[in-house]
Amino acid sequence: MAKQYDPQAIEKKWQDIWEKEGTFRASNDRSKPKFYALVEFPYPSGEGLHVGHPRPYTALDVLSRKRRMEGYNVLFPMGWDAFGLPAENYAIQNKIHPAVITERNVTRFKEQLRSLGFSFDWSREINTTDPAYFKWTQWIFLKMFEKGLAYKQEMPINWCPACKVGLANEEVVNGGCERCGHEVVTKVKNQWMLKITAYAERLINDLDLVDYIDRVKTQQRNWIGRSEGAEVSFQIVDTDEVLKVFTTRPDTLFGATYMVISPEHPVIDKLGDLIANMDEIRDYQEEAHKKTDFERAELNKEKTGVEIKGLKAINPVNNKEIPIWISDYVLMTYGTGAIMAVPGHDERDWEFAKKYGLPIVEVVAGGDVSTAAYTNTETGIMVNSGFLNGMDVEDAKKEITAWLKAEGLGAPKVNYKLRDWVFSRQRYWGEPIPLVHCEKCGWVPVPEDELPVLLPDVKNYEPTDTGESPLAKIRDWVETTCPTCGGPAERETDTMPQWAGSSWYFIRYTDPHNDEALASKEAIDYWMPVDWYNGGMEHTTLHLLYSRFWHKFLYDLGIVPSPEPYQKRTSHGMILGENNEKMSKSRGNVINPDDVVNEYGADTLRLYEMFIGDFEKSVPWSQDGVRGCRRFLDRFWKLQEMVMPGTEYTSELETKMHQTIKKVSEDYENLKFNTAIAAQMALLNDILQRGTINEAEIKTMLILLNPVAPHITEEMWVNLGFPGMVNEQSWPTWDEEKTVEQTVDIAVQVNGRVRGQITVDLTDPVELARAKALDNENILRFVEGKTIVKEIYVPGRIYNIVVKN
RNA sequence: GCCGAAGUGGUGGAAUAGGCAUACACGCACGACUCAAAAUCGUGUGAGCUUCGCUCGUGAGGGUUCAACUCCCUCCUUCGGCACCA
């Protein structure tokens, strides 16, 4: 034995063995406790695997492997989120069917993942573009349609002129397209929408049921943006029209000196006859419409607006007539599209009032409303507010809300920033929306037994400038008959967004080949919810929120057993290039995992990615660091040459062994892989110093390292003639008492500064420790001639002597 | 602007129920092996000084304490999220 450590030879060998023996298949034995570990399935791009991919995969692979050794039935699956733009764009350029490209990319990705030795259960591999899979994506959509959660609406959407596709709010980043960065413009389109807002409250509240890292919870709450306030009705003078506003500060109602409505507000057209300056209004609307959402939302920008001449509203608390303005700082998509302006206590309103000379009334005392809006709600007392005078803000809110309700002028109201989900894409490479439009019957679902609705085979995938899907041109696909009346009808030509398939894929893994249902009831009940889901922070407001929404919907249908899909959510940091910048071809700092595997081995790559730093933070790649990890494995390999017989830990190593088992076990659980590995490196250093190790000790070391470096540990296990495989062993346990060193060196301090060291036994009485401390020459130098005021002895930690002159 | 996280050697990073700051790794220096280099092994490596020891040192400045990277106060910087959301 004791050949050189040759990862190229052993890694392939073990990967084949695991595959042949089905080592990592999730078992059907439902009597065992289950552990469902999930990582985000990749989009199989033409670029191949990125060194960023293995980081989260290795992390949960470590947990999965550990859980199996702890006796769990583990489900750790992998699949492909394969619909999407890059494949379609490539198809357009190269005239190849996106399915062909997808298949090619999947093959490559799978090979790469396999070469890294992940313990995925490949028998459960899924692909969102597989008709057997998207049949159920379409099925879920139809259920939503049935329940009124999917609706088509004419609405302004975010349009990317480069991708020629509509984007959800979440896909617009700083005014640009998330995918290509091109500036996003507004376009009015008839779009399928999913009513995620119906679940807003539950999506916030149920965060209390799950164990997500705080930043994820915070970001979700932020994004949903719940705010409590009141809806208040303002009568428009001489009409039957009422302008409703939403406000979080109903207490300041007496200070509302004008109103502002959004340029898109329908009341403008409704009461057009009464408006004296309609031309001016139309111009303003035109201007506002031309701006992109980003331009409209851009801060620093000076507010603009036009007064609507001819319309006045009545402030319901004091019956004063107040003017109505339009301005694009009021958004039609939030609240009611109209606000009451309280310039004394709202910065935006204050700015607007100053610019246009509108009256500013102080209704909360404490500031100086002539110089700035006073927004402090903690200490202010109501003034100029009739029956609210003298109250603090909180009481005034309650009082006025009760009053509004009693008078029929308003009611408490909760609003959310979250908008409904624009679910249509004008693209070819996505799940067809399984609906048919009939002149007579309207939108009719494709009957369940006709699912899936397949994509037609076409030559041309080009999206159109008009914003229509390329499918619209395939007339013999579009033209069909109405399932209800049998008359002529047309298929919906929009397809679903990429987020559709990933909104429920974790359910499919539990029973991936089922053709009767999205998964069997038994499989779902046993495996769901996912116990641990790790993924990128970039998916917090998109995929994570969407999939929670779909899961809640399925929960309401009685299909899944829990209101939440994921019990625990953690997140990993990015891997940057060696120059500390994001890895990208254009920056020339891309590291290819294949190269690392070929040169150093998969175990080195895995080890390095886990050792590189805090799992949750971004870290730059370091080729030197990779070499260091390989060195560790080379040194670890050499342990084989010094193994002595023994069924117990040797007494010199016992404490260290128990300490290491504890440290490694706990650190793996807390995603502290870097320190878990450091502890194993330290133990190895100790042992190499000593020059011997016995069988009991090396067995434990092999098991501890196995989750991170599975190939080398299996190979060494066999080399040493141990029975079975490492992955079949039980995870080692530690004895808390045995982790405590009996004899330790501790520092002796004088006035808090270290002046010497003593060796004490934990059981030493204070007197003995004291005697040892004062036996030290250097200590005596600092104590002599001074008065000892106080002595603190923390056994096993420190001995501190406080002296005074 | 609001919310959140974080600032530690030349580098990645350890250590927070307060108890020897810099574990582990990289890099660097020197030594061994070698004709030589690489690899490997060994030693050293926070800064400074009058070097058996002392002084300073965890973004800055205060404070609490026998003792502070850790707790409190005031700042500064960086990163992330939200951002005219009424």
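Keep in mind it's a predicted model, so treat the numbers as computed, not measured. Note on naming: letters A, B, ... go to the chains in the order of the sequence lines (proteins, then strands), and numbering restarts at 1 for each one.
Comparing the same atom, C1', in B:rA32 and in B:rA37 gives a spacing of 15 Å after rounding to whole Å. When the C1' atom is compared between B:rA14 and B:rC26, the two are found 14 Å apart, to the nearest whole Å. Comparing B:rA60 with B:rA6, their C1' atoms are spaced 16 Å from each other, to the whole Å. Across B:rG13 and B:rC24, the matching C1' atoms stand 9 Å from one another, rounded to whole Å. The same atom, C1', is picked in B:rU22 and in B:rG9; the two are 7 Å apart, to the nearest Å. As rounded to the nearest Å, B:rC2 and B:rG46 have P atoms that lie 42 Å from one another. A distance of about 39 Å separates the C1' atoms of B:rG57 and B:rA38, rounded to the whole Å. Comparing the P positions of B:rU70 and B:rG27 gives a spacing of 32 Å, expressed to the nearest Å.
Distances from the side chain of A:Asp614 to the nucleotides B:rC41, B:rA14, B:rC20 place B:rA14 closest. The side chain of A:Thr218 lies closest to B:rC3, out of B:rC24, B:rC66, B:rC3. In the set B:rC26, B:rA86, B:rA25, B:rC26 carries the atom at the smallest distance from any side-chain atom of A:Ser622. Among the nucleotides B:rC26, B:rC41, B:rC82, the one closest to any side-chain atom of A:Asp624 is B:rC26.
Note on A:Ser618: only backbone sugar-phosphate atoms sit closer than 4.0 angstrom, heavy atoms only; bases stay farther off. Contacts of A:Val245 with the nucleic acid, taken as non-hydrogen atoms under 4.0 Å apart, are absent. Among the atoms of the strands shown, none is found under 4.0 Å from any heavy atom of A:Gly225. Using a 4.0 Å heavy-atom cutoff across all strands shown, A:Gln680 reaches no nucleic acid atom at all. A:Arg635 comes within 4.0 angstrom of sugar-phosphate atoms only, judged by non-hydrogen atoms across all strands, and of no base. Among the atoms of the strands shown, none is found under 4.0 Å from any heavy atom of A:Phe632. The residue A:Thr540 sits apart from the nucleic acid: no heavy atom pair falls under 4.0 Å. Using a 4.0 Å heavy-atom distance criterion, A:Gln749 is classed as a base contact.
Side-chain contact, A:Asn415 with A:Ser227: no donor N or O sits under 3.5 Å from an acceptor N or O. Side-chain contact annotation: A:His543 with A:Glu40, donor-acceptor N/O pair under 3.5 Å absent. A:Arg249 and A:Thr252 are not linked by any side-chain donor-acceptor pair at a separation below 3.5 angstrom, with hydrogens and angles left out of the test. A donor-acceptor pair shorter than 3.5 Å cannot be found between the side chains of A:Tyr199 and A:Arg548. Side-chain contact annotation: A:Tyr334 with A:Ser262, donor-acceptor N/O pair under 3.5 Å absent.
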A:Met701/A:Leu639 under side-chain contact (heavy atoms from CB on, under 4.5 Å): CA gap, chis, key distance, verdict
CA-CA 10 Å; A:Met701 287 183 74; A:Leu639 285 177; 4.0 Å; yes
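One can place CD of A:Glu616 at 19 Å from P of B:rG12, the figure rounded to the nearest angstrom. Atoms CG (A:Leu683) and C1' (B:rA23) sit 14 Å apart, rounded to a whole Å. Atoms CD1 (A:Ile326) and C1' (B:rC84) sit 16 Å apart, rounded to a whole Å. The distance between atom CZ of A:Arg630 and atom C1' of B:rC26, rounded to the nearest whole Å, is 17 Å. When rounded to the nearest whole Å, the span between CD of A:Gln757 and P of B:rG19 equals 17 Å. For A:Met574 and B:rC79, the CE to P distance is 13 Å, given to the nearest whole Å. The separation between A:Arg419 atom CZ and B:rC82 atom P is 13 Å, rounded to whole Å. Going from atom CG of A:Leu545 over to atom P of B:rG81 covers 16 Å, rounded to whole Å.
With a 6.0 Å radius and a threshold of 12 heavy atoms from other residues, nucleotides or ligands, A:Glu777 has its CD atom at or below the threshold. Remark: A:Glu347 CD is loosely packed, at most 12 non-hydrogen atoms of other residues, nucleotides or ligands lying under 6.0 Å away. Within a 6.0 Å radius of NZ in A:Lys672, no more than 12 heavy atoms belonging to other residues, nucleotides or ligands are found.
Looking at heavy atoms from C-beta onward, A:Arg419 lies in side-chain contact with A:Thr333 at the 4.5 angstrom threshold. A:Val802 places none of its side-chain heavy atoms less than 4.5 Å from the side chain of A:Glu791.
Judged by atom type and distance alone, A:Lys417 does not reach the base of B:rC82 through any side-chain donor-acceptor pair under 3.5 Å. Contact annotation: side chain of A:Gln219 to base of B:rC82, donor-acceptor pair absent below 3.5 Å.
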Under 4.0 Å protein heavy-atom contact, by nucleotide of nucleotides 53-58 of chain B - B base, S sugar-phosphate only
SSSS--
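Looking at residues 667-677 of chain A, you'll see A:Asn674, A:Thr675 sit with a heavy atom under 4.0 Å from some atom of RNA chain B. Applying a 4.0 Å cut-off to non-hydrogen atoms, the residues of residues 784-801 of chain A that approach RNA chain B are A:Lys790, A:Ile792, A:Val794, A:Arg797, A:Ile798, A:Asn800, listed by residue number.
Ion pairing between a basic and an acidic side chain is recognised when a charged N comes within 4.0 Å of a carboxylate O; A:Glu741 and A:Arg797 show no such pairing. One finds a salt bridge joining A:Lys303 and A:Glu351 here, because a Lys/Arg side-chain nitrogen approaches an Asp/Glu carboxylate oxygen to under 4.0 Å. Using a 4.0 Å cut-off between a side-chain N of Lys or Arg and a carboxylate O of Asp or Glu, A:Asp214 and A:Arg569 do not qualify as a salt bridge.
Residues that satisfy the side chain to side chain contact (heavy atoms under 4.5 Å, CB included) test with A:Ser665, not counting sequence neighbours, are A:Lys66, A:Ile661, A:Trp731, A:Trp734. Legend: residues meeting side chain to side chain contact (heavy atoms under 4.5 Å, CB included) with A:Lys354, ordered by chain and number and at least two apart, are A:Trp350, A:Ile360.
Here A:Arg631 reaches the OP1 or OP2 of B:rU40: one of its side-chain N or O atoms lies under 4.0 Å away. The side chain of A:Asn685 places an N or O atom within less than 4.0 Å of a non-bridging phosphate oxygen (OP1 or OP2) of B:rA25.
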Dot-bracket assigned to RNA chain B with the 3.5 Å Watson-Crick/G-U criterion, [ ] for crossing and | for other-strand pairs, is (((((((..(((......[....)))((((((.......))))))((((...))))..(((((..]....))))))))))))....
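Taking the ring centroids of A:Phe352 and A:Tyr329, they lie under the 6.0 Å cut-off.
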